[in-house]
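Shown next, in C-alpha cells, is the structure this report addresses.
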Amino acid sequence: MTMLFTPLVLALAQAAAPAPAPPPLPDLTLEQASALRCSVAFGLVHQAQRAGDGSASDYPVMAQRGQEFFVRTTARLMDETGADRETVMALVMREHAALGETPGRVDDVMPACLLMLDASGL
C-alpha cells in the first residue's frame with residue numbers, strides 16, 4: 001500500500017512546490033527599447049484597424065509593414081541579447097501593458113514610430 005502512495009505524494013509535492021522564477025528580462029539599449037515599443041504600437045494600431053476603430057484610420061495600414069517591422073525587431077532582439085522566444089515575448093507583453101495603461105499613449109508614440117518605420121525601408 002505504501003508503494004501506491006509514493007507516486008501520489010511525489011506528484012502532490014511537485015504540484016505544491018513554487019514554480020521557479022522566470023529569468024530576469026534583459027536590459028535593452030535605447031534603440032532596442034524604442035524599436036520594441038514601436039513594434040507593439042504597430043500591432044495595437046493594426047488590431048484597432050482590423051476592428052474598424054475610426055481613430056486607427058489616421059495611420060497608414062499596418063498589416064504588412066508593421067508586422068514585418070515586428071518580426072525583424074524581435075529577431076534582432078534575440079540575436080543581440082541572446083534571449084529566447086519566451087523572453088522576447090515577455091518583453092513584448094511588458095511593453096504592451098505599458099502602452100495600454102495610459103489612454104492615448106499609442107497616439108503619443110506613433111509619430112516617432114512612423115519615422116522609424118520609414119527609416120527602416122519597409
Side-chain angles (χ1 to χ4, degrees):
M1 189 131 185
T2 304
M3 289 184 68
L4 293 175
F5 283 107
T6 303
L8 180 59
V9 170
L10 288 174
L12 289 174
Q14 288 175 345
L25 297 177
D27 291 328
L28 302 178
T29 66
L30 180 59
E31 181 183 346
Q32 291 167 334
S34 297
L36 178 64
R37 180 175 304 111
C38 290
S39 294
V40 173
F42 296 153
L44 291 170
V45 169
H46 173 64
Q47 185 178 32
Q49 288 173 338
R50 285 185 34 176
D53 184 340
S55 65
S57 65
D58 294 340
Y59 300 113
V61 175
M62 289 290 131
Q64 292 178 338
R65 291 175 70 209
Q67 286 179 337
E68 184 63 24
F69 189 90
F70 179 89
V71 168
R72 289 183 185 191
T73 297
T74 54
R76 193 174 80 239
L77 285 175
M78 287 190 287
D79 289 344
E80 293 175 355
T81 66
D84 59 15
R85 286 183 180 167
E86 290 79 22
T87 301
V88 171
M89 287 315 298
L91 289 166
V92 167
M93 296 309 294
R94 181 178 71 183
E95 192 60 46
H96 183 273
L99 284 173
E101 69 187 22
T102 305
R105 181 72 178 128
V106 171
D107 291 331
D108 292 342
V109 302
M110 279 301 287
C113 290
L114 291 173
L115 289 173
M116 187 180 283
L117 180 61
D118 287 342
S120 74
L122 296 174

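A 4.5 Å side-chain heavy-atom check between Met116 and Phe69 finds at least one atom pair inside the cut-off. Using a 4.5 Å cut-off on side-chain heavy atoms (C-beta onward), Glu68 and Arg72 make contact.
The cluster map of Ile, Leu, Val, Met, Phe, Trp and Tyr, joined by side-chain heavy atoms under 4.5 Å apart, puts Leu122 and Val71 in different clusters. If you chain together hydrophobic residues whose side chains sit under 4.5 Å apart, Leu28 and Met78 fall into the same group. The hydrophobic clustering, which links ILVMFWY residues whose side-chain heavy atoms are closer than 4.5 Å, places Val61 and Leu114 apart. Residues Phe70 and Leu25 fall within the same hydrophobic cluster, defined by Ile, Leu, Val, Met, Phe, Trp and Tyr side chains chained together at heavy-atom separations under 4.5 Å.
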Ignoring hydrogens and angles, write down the donor-acceptor pairs under 3.5 Å from the side chains of residues 89-111, residues two or more places apart or on other chains.
| residue | atom | partner | partner atom | Å |
| --- | --- | --- | --- | --- |
| Glu95 | OE2 | Arg37 | NE | 3.3 |
| Asp107 | OD1 | Tyr59 | OH | 2.6 |

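Among residues two or more places apart in sequence or in another chain, the side-chain hydrogen bond (donor to acceptor under 3.5 Å, both in side chains) test is passed with Ser55 by Asp53.
Minimum interatomic distance between Gly54 and Ser57 (heavy atoms only, all atoms of both residues): O-OG, 2.5 Å. The two residues Ser120 and Leu117 come nearest to each other via the heavy atoms OG-O, 2.5 Å. Considering all non-hydrogen atoms of both residues, Gln49 and Ala56 come closest at NE2-O, 3.1 Å.
A distance of 11.0 Å separates CG in Leu44 from OG in Ser39, rounded to the nearest 0.5 Å.
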Q.
Between Asp118 and Arg65, does the side chain to side chain contact (heavy atoms under 4.5 Å, CB included) criterion hold? Intermediate values first, please.
A. CA-CA 9 Å; Asp118 287 342; Arg65 291 175 70 209; 2.7 Å; yes

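Judged as a side-chain hydrogen bond (donor to acceptor under 3.5 Å, both in side chains), the pairs with a partner in residues 24-36 (not counting sequence neighbours) are, in order, Thr29-Gln32, Gln32-Glu80.
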